[in-house]
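A note on names: the letters A, B, ... follow the listed sequences, proteins ahead of strands, and every chain is numbered from 1. Worth saying up front: this structure is predicted, and the values here are computed from it rather than measured.
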Protein chains: 2
Amino acid sequence: MLKHTIQNLKQITERYQTPFYLYDEARMLDNAQKLNAAFTWNNDFKEYFAVKANPNPYILKLLKNQGFGMDCSSLPELLLAEKCGLAGEDIMFSSNNTPIEEFAKAIELGAIINLDDINHIDFLKQHLSLPELICFRYNPGNQRTGSTIIGYPEEAKFGFTRDQLFAGYRLAKDYGIKRFGIHAMIASNELEPSYFIETAEMLFKLVKEISTDIGIKFEFVNIGGGIGIPYRPDEQAVDLNVISEGIKNSYKSHIEANNQAPLKLYMECGRMITGPYGYLVTKVRHIKQTYKNFAGLDACMANLMRPGIYPNAYHHITVLGKEDLVHDILYDVTGSLCENNDKFAIDRKLPQLDIGDIVIIHDVGAHGHTMGFNYNGKLRSAELLLRKNGEIVEIRRAETIDDHFATLDFDGLARFI
Amino acid sequence: MLKHTIQNLKQITERYQTPFYLYDEARMLDNAQKLNAAFTWNNDFKEYFAVKANPNPYILKLLKNQGFGMDCSSLPELLLAEKCGLAGEDIMFSSNNTPIEEFAKAIELGAIINLDDINHIDFLKQHLSLPELICFRYNPGNQRTGSTIIGYPEEAKFGFTRDQLFAGYRLAKDYGIKRFGIHAMIASNELEPSYFIETAEMLFKLVKEISTDIGIKFEFVNIGGGIGIPYRPDEQAVDLNVISEGIKNSYKSHIEANNQAPLKLYMECGRMITGPYGYLVTKVRHIKQTYKNFAGLDACMANLMRPGIYPNAYHHITVLGKEDLVHDILYDVTGSLCENNDKFAIDRKLPQLDIGDIVIIHDVGAHGHTMGFNYNGKLRSAELLLRKNGEIVEIRRAETIDDHFATLDFDGLARFI
C-alpha cells in the first residue's frame, strides 16, 4: 500500500504544526528533468508550467531553474511569474473571458498571448496593442472526445472553432502580425499516452493546412497539458518516452515532410510536474464509531478540496509507522467541516488508527493547497519544502484568523446599528 | 421570469465596482420576523442562525437584533458571534471532530455545547470542564432517508446513534449535569414541510423515552435547519405555518400529553434566513460564440461556488433592464477560470446579452460568498448591504492581490536559490 516515503517525517511533524503541505524538491526536480530529457529531439521543447496547479512562487522558481516557462491565466499568476524573474516569451498567457488589465500586464511582460476567442484579436487592436507573436487556442468540438474531468470539447467554453482558427490567423496576418503559434488543451488527468500523440498530430495537421492556406509560418505548437498521475496504487505513470516517440513520428510525417520544420514543441503540464511530490501531512484528532468508523483529521476541505468536490478523486493515504500493518479496517477519513462531503476517503481500508497518528495524504502537489477555501471559517495551511539537502523551508505560512478577517471592518461593525 | 427587484440597482452599479454581493435588509428582516411569528405558540422558540451560511458579522448583527441566536461550528465563527455582542446560551456550538481550543472558547463564552460524539463527554471532563447544559446531536441512521445534498444519515459523519444517545445522557447525568437538550440536523435545502414535522416528532418521542428511561428533564429540542428555498422560479417557498402547525400538534401529543412541557423549540436554519435576500451583481465582460453561446461575466467561481461544484444547483439569472424581453437565446453563463465547470448556468434561456449588461444572480445570500476560493488567483468580492432607508453600506471590502499574497514571503523568495 505504500506509495513512497519522506525522510525524517516524524521529526518534521515535531517541529511544524500539522496540517501542512510538504513538497519533495529532489523528486520533483528529477521528474522535471525527465520531462525535458524525453523531448530533446525537439531543439526548442519547452514546458510552460500551469501555475494554477501550484502557484507557490518557491516551487515556480525551482521549476524556472529547470528551464520551464510559466503558463499564467490571471493577473496574480502573471505577478507571481514576474516575482520569480520570468519575463518575455518564458510566460504564456492563456486566459478566457479576460479583463483588459490582465491582457495589459501580459503584454507589458512580453508574454506569449494565447487568445481564447477570435473577438479578442480586434479587442486587443482597439484597446491595447497587437503583440508581435500570437497564438490561438483550438477547440476541436466533437472531433475529439475530451476526458471525464474536462468534459466534451463542444460543451467547453474554451477556444476557437476550426473555421475561427482560419479566419483568426488570416485577420492577424492582415493586421501585420508575423509570428504565430497554435495551442489546444482538451484533456485533464489523462493516463493514456495516445491521447497526447493524437493532440499533437491534430495540431501538426492544422499547422500544415493553415500555413498553406493563409501563407503564414508557425513557430510553435503547444499541445497543452493534461497528463495524468497515478493517484491509485494500481495505476501506472504515463511513459513520457512513449508520448515523445509518438509525437516525434508524427512530427516527421506532418511537419518535416511538409517543410514546416523547425517547429517548437511546447507543453503546459501542471499536475504531472508537481502532483506526486506534494503531501498533506495531518494528524488524527478524533476517532468516532457510529454506523461506520470515522477518523477525524486536523485537516479538512479547506486544506484539500478535491475529494470533497470530485466524487471520484482518490488520494492515497498512509499512516506513519503503520505502513506495514494489516490494512483491514474500513474508515471514512474526515475533516471537521459542518459539511458531509468533507471526507478525504470513504470506506478506505487502513490499519487501526489512534489519536495522534500522522496521516499522509498523497499526490496533493497539484490542485491541492491552491483550491482551498475558508468555508466554516476554516484556515488554509502552511506549505513546507523539503530541500535536496534535507533542510526544511517554510514556503508559505499558515493562514491566521486575522488574515481571514482582513476584509472586515470591525470598527464599523461596532458603530453599526 | 423575474424573481424580485432591487431598487436603484443601476445607480448602485455606477458607484460600486462589480462583481459585488448585495443584501436586502428589509426583505431579510421581514422574513426573519415571519419565522419568529410562525412559532409564537412555543414561548421560548429561538432560531440559532447557522453562521456558516453567511458569516458576515453585519448580517449576524441584524439577525441578532431580531432575537436570533447563532449556531457556530468553529473558532472563527465563535469570534464573529462574540464581536456581534452574543454570548451565553444565545450561542450554540455544534461542531464535529472538534479541536480542544474551540471547545475551550465555546465554554468560555457560555455557549450551549452540542456534542457530535459520545467520546466528547469524557474528553471535555478530562481536558476542560463539563458544561452546566449539554446537548447531543442525534443521527437516526437508516431510520430516516436524508436529502440529496446531505446524503443518507447512516453514511454521515455526524451525531450519536440511538444507543449512544441513551448511554450519553446517562453518563452526563452520572457526571452531575442537570440541564439537557437534544438536536438533529439531517436535511439540507428541503422544500417538503412534512420532513421537519417528522424530525420534530422523532425528537419529541426521544425526549419522552429518554426522560422516562434515565430520569432527566429536557429543556429544549433543536430540530436543526435545512429548510430549503425556491431557487427555481417554479418552486414554492416552504409555508412556515404548515411546519409550525404540524410541530405544534406533535408537541401536544408527545410533549404536553406526557408531562414534558414546557420544552423550548430551537431551529438552526441558515439558507432560508438569508439565501433569497442576497444577489451577486455582475457585468457581462465578454460574449463568445463557438459551438454554443457563452456570456462571460466579471464574476467567477471565486465569487460563487455552488453552480460549479453542485451540478444541480440552479441560480436564477436576470438581466437589468431586459427582464421583460423575450428569453429565447441559450447561453452558458461563465466566469473566467481556467476550469470548465466555472459556469453559473448551462443552456439558460436569456434575452440577447451585450457587453456591459448588469447580470443579477439570485439567491446567493447563503452558502454564497463564504464558499469562495482563490483558485487561478481569483479574488473574492465585496459585500454591500441595502439598508431599509435605501442607504448602501459596504459590509465587506473586496479582496486585493495583497490579501491573496499575504501568506507569502517575497523577501525570502528573492534570497531563495
Any side-chain donor-acceptor pair under 3.5 Å between B/R380 and A/N374?
yes
Please identify, among A/L62, A/L337, A/D163, the residue contributing the most non-hydrogen atom pairs under 4.5 Å to chain B.
A/L337
Using a distance-only test with no angle check, is there a side-chain donor-acceptor pair under 3.5 angstrom linking B/N303 and B/S381?
yes
A side-chain contact here means heavy atoms from C-beta on lying under 4.5 Å apart; do B/V51 and B/D71 qualify?
no
If you tally heavy-atom pairs under 4.5 Å against chain B, which of A/L75, A/N65, A/I395, A/I401 wins?
A/I401
Under 4.5 Å from a heavy atom of chain A, the part of B/A382 involved
neither
Under 4.5 Å heavy-atom distance to chain B, tell me which part of A/L413 shows up: side chain, backbone, both or neither.
both
At a heavy-atom distance under 4.5 Å, which candidate from B/C72, B/C338, B/S74, B/G296 has the highest pair count against chain A?
B/C338
Going from CZ on B/R137 to CD1 on B/I186, what distance comes out if it is rounded to the nearest 0.5 angstrom?
9.5 Å
Examine whether an atom of B/L385 lies under 4.5 Å from a heavy atom of chain A, and if so say whether it belongs to the side chain, the backbone or both; otherwise answer neither.
side chain
With a 4.5 angstrom heavy-atom cut-off, could you sort out which part of A/I100 is near chain B: side chain, backbone, both or neither?
neither
A/Q164 versus chain B, heavy atoms under 4.5 Å apart: side chain, backbone, both or neither?
side chain
Please classify the contact of A/A53 with chain B as side chain, backbone, both or neither, using a heavy-atom distance under 4.5 Å.
neither
Residue from B/R285, B/R397, B/E77 scoring the most non-hydrogen pairs under 4.5 Å with chain A is B/R285
Using side-chain heavy atoms (C-beta onward) and a distance below 4.5 Å, is B/S336 in contact with B/K378?
yes
Counting heavy-atom pairs under 4.5 angstrom with chain B, the leader among A/S94, A/S95, A/G335, A/G372 is A/G335
Parallel, tilted or perpendicular for A/H120 and A/F103, by the 30°/60° rule?
perpendicular
Side-chain donor-acceptor contact under 3.5 Å, B/N97 with A/H286
no
In terms of heavy-atom proximity below 4.5 Å to chain B, should A/A302 be classed as side chain, backbone, both, or neither?
neither
Where does A/T400 contact chain B at under 4.5 Å (heavy atoms): side chain, backbone, both or neither?
neither
May I ask you to check whether B/K157 and A/N340 show a side-chain donor-acceptor distance below 3.5 Å?
no
If I measure from the heavy atoms of chain B, does A/D403 come under 4.5 Å with its side chain, its backbone, both, or neither?
side chain
Applying ring-ring contact (aromatic ring centres under 6.0 Å, His included), can you list everything that pairs with A/F410, at least two apart in sequence or on another chain?
A/F405
Side chain, backbone, both or neither: which part of A/F294 has a heavy atom under 4.5 Å from chain B?
side chain
One option among B/G159, B/A295, B/C84 has the most heavy-atom pairs under 4.5 Å with chain A, and it is B/G159
Taking side chain as everything from C-beta outward and backbone as N, CA, C, O, which of these in A/D342 sits under 4.5 Å from a heavy atom of chain B? Side chain, backbone, both or neither.
both
Do B/T334 and B/K288 meet the criterion of a side-chain donor-acceptor pair at a distance under 3.5 Å?
no
Side chain from CB out, backbone as N, CA, C, O: work out which of these in A/I118 comes under 4.5 Å of a heavy atom of chain B, or both, or neither.
neither
Side-chain touch A/E383/A/F20, heavy atoms, less than 4.5 angstrom
no
Using a 4.5 angstrom heavy-atom cutoff, name the option from B/N139, B/N119, B/I309 with the most pairs to chain A.
B/N139
Between the side chains of A/N376 and B/S73, does any donor sit under 3.5 Å from an acceptor?
yes
Using non-hydrogen atoms and a limit below 4.5 Å, what part of residues 54-61 of chain B faces chain A?
B/N56, B/P57, B/Y58, B/K61
Given heavy-atom pairs under 4.5 angstrom as the criterion, report whether the side chain, backbone, both or neither of A/I355 touches chain B.
neither
Counting heavy-atom pairs under 4.5 Å to chain B, which of A/L80, A/L79, A/I417, A/L379 comes out on top?
A/L80
Under the salt bridge (Lys or Arg N to Asp or Glu O under 4.0 Å) test, residues paired with A/D117 that sit two or more places apart
none
For chain B, the option from A/A50, A/G377, A/A414, A/G85 that forms the most heavy-atom pairs under 4.5 Å
A/G377
Any chance you could lay out the ring pair (Phe, Tyr, Trp, His ring centres under 6.0 Å) test for B/F160 and B/Y138, step after step, and finish with the verdict?
CA-CA 5 Å; B/F160 288 50; B/Y138 174 47; 9.1 Å; no
Show me the pairs that pass side chain to side chain donor-acceptor pair (under 3.5 Å) and involve residues 292-301 of chain B, at least two apart or across chains.
A/E155-B/K292, B/T18-B/D298, B/Q289-B/N293, B/K292-B/D332, B/K292-B/D347
Out of A/M305, A/K343, A/H404, return the one with the most heavy atom pairs under 4.5 angstrom to chain B.
A/K343
Spell out, as yes or no, whether a donor-acceptor pair under 3.5 Å connects the side chain of B/K52 to the backbone of A/Y375.
no
Lys NZ or Arg CZ of A/R396 over A/Y21 ring: under 6.0 Å, within 45°:
no
